[in-house]
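Atoms within a ligand are numbered from 1 in the order they appear, just like the ligands themselves. Only a predicted model underlies this, so the values are computations on that prediction, with no experimental measurement involved.
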Amino acid sequence: MFPKDFLSIADITADDIHNLFDLCAKLKAQTKRGQFVPYLKNKHVALIFHKPSLRTRFSFEVGVSQLGGHPMYITDKEIQLGVRESIYDAAKVMSRFVEGIMIRTFSHDDVRQLAEHADVPVINGLDDLLHPCQVLGDLFTVLEHRGNLNDLKVVFVGDGNNVCNSWLNAASKLPMHFVLARPEGYDPNPEILENAQAAGISTIELTDDVEAAVQDADVLYSDTWTSMGQEAEKAKREAAFAKFQINAELIKRAKPTVLVEHCLPAYRGKEITDEVMDGPHSIVFDEAENRLHIQKAIMVTLMDK
Ligand code: CP
Ligand code: NVA
């Protein structure tokens, strides 16, 4: 059974993922036809943001509205989770008003606590550890472009960050060859890495040799070198990651059909060049759009009860 909340890809099964992809395809096709089924009629969804956002905010606000529900955008200035009152109290009170909560914040433990105490579904819209909605949308986008996810080699070029951790969780459920090309010292969460390796579903490698890593890649993935909350380390990180750029030269080493993804926002000229972002291999804007459709599938799965 699908869990009450969607906090991590590690919490769901491969079947759950495939069911979400099927529902996502159906909802996307309906949306394109202008057909909006009110699965969340009269339901309210709190969208709590403790970090900036474009895609997550737009896709959840539009998604809830398209499903006939009411999104409520809330910043850290209002509820001040854990500061003005405890996460427990806030979770109990919000559950009396809304039928679902999406949260983007810093601490993954806070997200877990909120979900534990809320009587309504909680969705993780990014924290310091994970970005699960993003990676499901990314995989769905690859599936759309490629037709299947068979024999997939994904090379994540950059930081072992929240997005990378969610890719590792995905690799613990769906078979793939996943390579993280990063400078030494910018590794993913060790427990998540170990669990993904122990799952025995995928081949998982870490390397600092980016040119060797991208050989035969089906997907090249990029994210910012400096995540939200790490701004003080920007200069140090830009120096450490200088070689870890997705550019036209690097792409030549991958398969001719390689797809390039980036969760966005992109720092053009840093982790990815304009030429690649705007080039024929890039699927970054389809990927951004699919946040809408995959999150609608997640909300329907959790809240259409
Ligand atoms: N990719 C993503 O989550 O974008 P935002 O930070 O703009 O929401
Ligand atoms: N790793 C990035 C993802 C942004 C969507 C961050 O956490 O800032």
Side-chain angles (χ1 to χ4, degrees), residues 6-9 24 45-64 71 73-76 101-111 123-142 154 156-170 180-183 186-189 192 219-234 236-238 240-241 244-246 260-268 270-272 277 282-296 298-299:
F6 180 60
L7 308 184
S8 168
I9 296 171
C24 180
V45 184
L47 308 177
I48 305 171
F49 285 90
H50 294 173
K51 289 180 178 177
S53 172
L54 190 166
R55 281 142 291 272
T56 306
R57 177 171 180 190
F58 276 66
S59 53
F60 270 104
E61 283 215 30
V62 171
V64 172
Y73 173 66
I74 295 147
T75 69
D76 53 350
I101 300 169
M102 188 289 313
I103 182 160
R104 162 170 289 198
T105 192
F106 295 85
S107 156
H108 182 66
D109 285 348
D110 285 359
V111 177
I123 299 171
N124 184 353
L126 177 146
D127 58 37
D128 287 347
L129 186 69
L130 301 173
H131 198 2
C133 297
Q134 177 70 52
V135 172
L136 284 189
D138 299 339
L139 274 162
F140 179 79
T141 312
V142 173
V154 179
F156 189 111
V157 180
D159 191 16
N161 62 15
N162 44 7
V163 176
C164 177
N165 288 331
S166 284
W167 268 101
L168 286 167
N169 282 335
L180 169 63
R182 83 322 172 210
Y186 291 92
D187 289 359
N189 176 276
I192 292 176
V219 178
L220 293 185
Y221 200 96
S222 181
D223 185 9
T224 180
W225 296 333
T226 307
S227 286
M228 292 180 276
Q230 299 174 330
E231 290 76 8
E233 297 173 24
K234 191 166 179 275
K236 188 180 119 200
R237 285 175 164 271
E238 285 188 1
F241 282 99
F244 294 80
Q245 181 190 63
I246 301 189
V260 175
E261 292 200 314
H262 190 310
C263 58
L264 307 181
Y267 298 88
R268 288 168 175 256
K270 300 286 185 192
E271 74 273 6
I272 191 165
M277 271 279 284
S282 171
I283 54 171
V284 300
F285 299 117
D286 291 340
E287 189 187 351
E289 179 191 330
N290 282 334
R291 293 289 304 283
L292 170 69
H293 307 296
I294 197 73
Q295 289 159 193
K296 283 169 73 179
I298 293 165
M299 289 189 285

Would [X] count as being in polar contact with ligand 2, using the rule that some N or O on each side must be under 3.5 angstrom apart?
| X | value |
| --- | --- |
| Met228 | yes |
| Thr224 | no |
| Asp223 | yes |
| Thr226 | no |

Checking contacts here: is it the side chain or the backbone of Leu264 that comes within 4.0 Å of ligand 2, counting heavy atoms only? Could be both or neither.
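Backbone only.
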Who are the residue neighbours of ligand 1 when the rule is a heavy atom under 4.0 Å from any of its atoms?
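Answer by chain and number: Ser53, Leu54, Arg55, Thr56, Arg104, His131, Gln134, Cys263, Leu264, Arg291.
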What I want to check is whether the side chains of Arg237 and Thr226 have a donor and an acceptor closer together than 3.5 Å.
no
Have Thr105 and Asp110 got a donor and an acceptor in their side chains that come within less than 3.5 Å?
no
Listed by chain and number, what are the side-chain contact (heavy atoms from CB on, under 4.5 Å) partners of Asp187, not counting sequence neighbours?
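Asp187 satisfies side-chain contact (heavy atoms from CB on, under 4.5 Å) with Arg182, Leu206 once adjacent residues are dropped.
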Apply ring-ring contact (aromatic ring centres under 6.0 Å, His included) to Phe49 and list each qualifying residue two or more places apart in sequence or on a separate chain.
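Phe49 satisfies ring-ring contact (aromatic ring centres under 6.0 Å, His included) with Tyr73 only.
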Could you tell me the residue and atom name of the protein heavy atom closest to atom 7 (O) of ligand 2, and the distance to it rounded to 0.1 Å?
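Nearest protein contact, heavy atoms only, for atom 7 (O) of ligand 2 is Asn162 ND2, 2.8 Å.
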Counting N and O atoms only, with roles assigned by atom type, does the side chain of [X] sit under 3.5 Å from a partner on the main chain of [Y], one being a donor and the other an acceptor?
| X | Y | answer |
| --- | --- | --- |
| Glu231 | Gly229 | yes |
| Gln245 | Lys270 | yes |
| Ser166 | His131 | yes |
| Glu287 | His262 | yes |

May I ask you to list the atoms of ligand 2 that are less than 4.0 angstrom from any heavy atom of Asn161?
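Ligand 2 atoms under the 4.0 Å threshold to Asn161: 1 (N).
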Lys236: salt bridge (charged side-chain N to carboxylate O under 4.0 Å, His left out) partners, not counting sequence neighbours
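Not a single residue meets the salt bridge (charged side-chain N to carboxylate O under 4.0 Å, His left out) criterion with Lys236.
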